[in-house]
Engineer: 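Provided herewith is a single structure, encoded as structure tokens, for subsequent inquiry.
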Amino acid sequence: MDTTSRTKPRASEDMWLDAAHEVLCESGVEAVKVMPLAKRLGLTRTGFYWHFKDRDALLEAMITRWEDKNTGNLVARCEAYAETICEAIYNLFDCWQDPDLFDSRLDLAVRNWARNDAALQTRVSRADDLRREAITDLFRRFGFDEAQATTRAMTVLYTQVGYISMLIEEDAETRFSRTRDYIEIFTGTRPSEAEERRFRARHTG
């Protein structure tokens, strides 16, 4: 007998993670629980255990996803080829324009979660160290001395953390209109119009 039409499909691991991600960003880690996630997905609780041993395993997978996406992509954009310091900062700014590279909502949610989880706070601090070192290396590549590279990197990083923690929302054009000024402040060099056009082209199609 064909029972296909009466059998619920099994969710993939990514589906469970995506649902947990949304709940984390909306309501905090305390709301990330198996039964509510199953109801959200229209699935049975049993399907969860095909992918995760328990809730703690899901939480660990969420943290790993955050590390790989936000920190991993930020470091990669800092290491991307650039002919000028302005072009290098534009590469980094790709993270702030493209949520597929850097998820600001998730970053804030993880930081809030870490306030009550000492082990996670250690990992957040380690991620911040990796991000800061990657941006510092970016400045070093273009001849900034150690003190300047470190201070400018902290200025870039802390500005973005401020944007995230203050929940600042800007439309795309407003953000684009400010990038040249930000880069001039961060680097001491005004980006060329050609550099600005290439950056816009990457994000406007």
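Heads up: numbering here begins at 1 and tracks the sequence.
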Engineer: Any salt bridge between E133 and R140, counting N to O under 4.0 Å?
Structural biologist: yes
Engineer: Taking E22 for the side chain and A19 for the main chain, is one N or O donor matched with an acceptor at less than 3.5 Å?
Structural biologist: no
Engineer: Could you tell me if the ring centre of F48 sits under 6.0 Å from that of W16?
Structural biologist: yes
Engineer: Between L58 and L17, is there a side-chain heavy-atom distance shorter than 4.5 Å?
Structural biologist: yes
Engineer: Between E26 and R40, does at least one N-O distance fall below 4.0 Å, as a salt bridge requires?
Structural biologist: yes
Engineer: Between Y90 and F93, what is the ring plane arrangement, given parallel below 30°, perpendicular above 60°, and tilted in between?
Structural biologist: perpendicular
Engineer: Locate the shortest heavy-atom distance separating V23 from A31; write the atom from each residue and the value.
Structural biologist: CG1-O, 3.4 Å
Engineer: Is there a donor-acceptor contact under 3.5 Å linking the side chains of D171 and T174?
Structural biologist: yes
Engineer: Do R152 and F144 have side chains that get closer than 4.5 Å, going by heavy atoms?
Structural biologist: yes
Engineer: Quick one: does any side-chain atom of R190 pair with a main-chain N or O of I183 as donor and acceptor, under 3.5 Å?
Structural biologist: no
Engineer: Could you tell me if the side chain of L157 sits less than 4.5 Å from the side chain of M154, heavy atoms only?
Structural biologist: no
Engineer: Shortest non-hydrogen contact from E184 to P191?
Structural biologist: N-CD, 4.3 Å
Engineer: Inspect the contact between R200 and E196 and indicate whether a charged nitrogen and a carboxylate oxygen are less than 4.0 angstrom apart.
Structural biologist: yes
Engineer: Using the six-membered ring wherever Trp is involved, compare the ring planes of F176 and H203 and label them parallel, tilted or perpendicular (cut-offs 30° and 60°).
Structural biologist: tilted
Engineer: Taking the basic N atoms (NZ, or NE/NH1/NH2) and the acidic carboxylate oxygens, is any pair closer than 4.0 Å for R65 and D103?
Structural biologist: no
Engineer: Would one find more than 12 heavy atoms of other residues, nucleotides or ligands at under 6.0 Å from atom CD of E173?
Structural biologist: yes
Engineer: For L74 and W96, work out which heavy atoms get closest and say how close.
Structural biologist: CD1-CH2, 3.7 Å
Engineer: For R202, is there an ion pair with D98 - N to carboxylate O distance below 4.0 angstrom?
Structural biologist: no
Engineer: May I ask you to decide whether D128 forms a salt bridge with R111, counting only side-chain N to carboxylate O separations under 4.0 Å?
Structural biologist: yes
Engineer: So which heavy atom on A82 is nearest to which on N91, and how close?
Structural biologist: CB-ND2, 3.7 Å
Engineer: What closest approach, in Å, do K33 and E30 show between heavy atoms, and which atom pair accounts for it?
Structural biologist: CE-O, 3.0 Å
Engineer: Which pair of non-hydrogen atoms, one from E67 and one from R126, has the smallest distance, and what is that distance?
Structural biologist: OE2-NH2, 4.2 Å
Engineer: Using salt bridge (Lys or Arg N to Asp or Glu O under 4.0 Å), reason through D117 and R123 one step at a time and then give a plain yes or no.
Structural biologist: CA-CA 10 Å; D117 186 323; R123 292 172 73 168; over 6 Å; no
Engineer: Inspect the contact between R178 and E170 and indicate whether a charged nitrogen and a carboxylate oxygen are less than 4.0 angstrom apart.
Structural biologist: yes
Engineer: Between K53 and E60, is there a side-chain N and carboxylate O pair less than 4.0 Å apart?
Structural biologist: no
